[in-house]
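Report on one structure; see the data block that follows.
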Protein chains: 2
Amino acid sequence: MSNGSRQAQRSEATRRKLVDAGRRLFADRGFAAVGTEELVREAGVTRGALYHQFADKADLLEAIVDEIDGELTQAIAAGAMTDATGPVEALRAGAVAFLEAVTAPDVHRIVLVDALPVLGWERWRAIGLRHGLGLIEAALAGGMEAGAIRRAPTRPLAHVLLGALDEAALYVVAAEDQQTARAEMLEVLDGLLEGLRA
Amino acid sequence: MSNGSRQAQRSEATRRKLVDAGRRLFADRGFAAVGTEELVREAGVTRGALYHQFADKADLLEAIVDEIDGELTQAIAAGAMTDATGPVEALRAGAVAFLEAVTAPDVHRIVLVDALPVLGWERWRAIGLRHGLGLIEAALAGGMEAGAIRRAPTRPLAHVLLGALDEAALYVVAAEDQQTARAEMLEVLDGLLEGLRA
DNA sequence: GCAACTTACGTACAGGCAGTATGTATGTCA
DNA sequence: TGACATACATACTGCCTGTACGTAAGTTGC
């Protein structure tokens, strides 16, 4: 792959425009409700560019989900979870940060609502494994190794925890009073996480 | 509502045909991949009947989800959970039954994958509250009243548990070896539920 | 038991949208 | 600098949902 070539730069620039436009529009009105015509208009390119850069509309969504998930996980891992006193505390800090960040429409609408049926569970899971799911699984494995967390199959446990977090996020976003909803959810999640201790 | 009138019977019959056909086809290939033409052909009616009985395609999906969710919850509540020795045991029995029943494609594909973005979270949640979510919440409230479960906001807790169950179901269905996946998931869920005790 | 009305369904049409085929310009490399 | 590849532009096709309108079956007041 010719790296910094002018063509590669141009490609990358249009990909950026399409991904950015997709994030905005899909987050606002949902994947299905945004036509490719409006999408490329917003991005300042043509449909030809879209279908040159991506196989189809779902492929663009996959790129968007991957980016959002990556940013989110990166921020949580590098931020809240780093200076935790132990594995359980790290997971709790991650949950707090997650519920905080998920208020942004990008995350919940695109990643939690629209992505699953469009990409199918396999592709969706594959993205998660590279990011949030992987982070949780690593934290769990580390905690078990250190004797802080009761031993259990890490992969299924990570799935279950992420499922709980996702539903918690949707609950908070849809709540009329997000403040109390978030507080209640953190209390609940805290209880679950405490139950993980060895 | 004229009850047993011949018209009402006819209406109910075509509704049944449409709902049944939808369950089969949507479960197999997903909501978006099945056109209304094929749907009514399978049901043995015409598009006119479809759009007379339901406002739109999503409205049909809502009826299907409501029916599936109702059947599932009814079966679990009347079956596994009745002869449990306590609230936590009842929840565990419910989880077992749920993971067992969810292997049928109706449930996971339609209810867990397709329904959310089509109906939106509000409508989706409203259905759940009438069935599975309501069942869990009632079990939790009863357990807290009886002192068997640690006190916590029941509604958010029910959401989180159902989210965990849903993700567990998807995990099991997608697994190559469903037997071990289900066993692992039950072990994990059991741990979470044990953590609920007072 | 018939006429006015409603319900249930059939059919043809219109708009929109995803994906493709084909053309063109720009960049790359021997 | 000429052959080739990449990146994009545009026109077109098929599909699919929802709607408008027509018709037949059923129901109710008198």
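Below, read A as the first sequence line, B as the second, and so on, with proteins coming before strands; counting in each chain starts at 1.
In summary, B:Glu42 and B:Lys17 do not engage in a salt bridge, as defined by a charged side-chain N under 4.0 Å from a carboxylate O. At a threshold of 4.0 Å, the pair B:Arg197-B:Glu89 counts as salt-bridged, since one of the basic side-chain nitrogens sits closer than that to a carboxylate oxygen. We find that B:Arg150 and A:Glu194 are not joined by a salt bridge, their nearest charged nitrogen and carboxylate oxygen being 4.0 Å or further apart.
As rounded to whole Å, 18 Å separates atom C1' of C:dT20 from atom CZ of A:Phe54. Per the geometry, NZ belonging to A:Lys57 stands 4 Å off P belonging to C:dA18, to the nearest Å. Between the CD atom of B:Gln53 and the P atom of D:dG18 there is a distance of 16 Å, rounded to whole Å. Straight-line distance from the NE2 atom of B:His52 to the P atom of D:dG18: 17 Å, rounded to whole Å. Between the CD atom of B:Gln9 and the C1' atom of C:dC9 there is a distance of 17 Å, given to the nearest Å. To the nearest angstrom, P of D:dC8 lies 11 Å from CD of A:Glu12. Whole-Å rounding puts the A:Arg15 CZ to D:dA7 C1' distance at 13 Å.
At a cut-off of 3.5 Å, with distance as the only test, a side-chain donor of B:Arg182 or B:Thr103 sits close to an acceptor on the other residue.
Ring geometry, A:Trp121 versus B:Tyr171: the interplanar angle exceeds 60°, so the pair is classed perpendicular (tilted spans 30 to 60°).
Closest to the A:Asp56 side chain, of the nucleotides C:dG19, D:dG18, D:dT27, is C:dG19. Of the candidates C:dC9, C:dA8, D:dT19, the closest approach to any side-chain atom of B:Ser11 belongs to C:dA8.
Annotation: of the two residues near DNA chain C, B:Arg10 and A:Arg6, the 5′-most nearest-nucleotide partner is B:Arg10.
Near DNA chain C, meaning a heavy atom under 4.0 Å from it, residues 18-50 of chain B has B:Thr46, B:Gly48, B:Ala49 in order of number.
The side chain to side chain contact (heavy atoms under 4.5 Å, CB included) check on A:Glu145 picks up A:Arg151, with sequence neighbours excluded.
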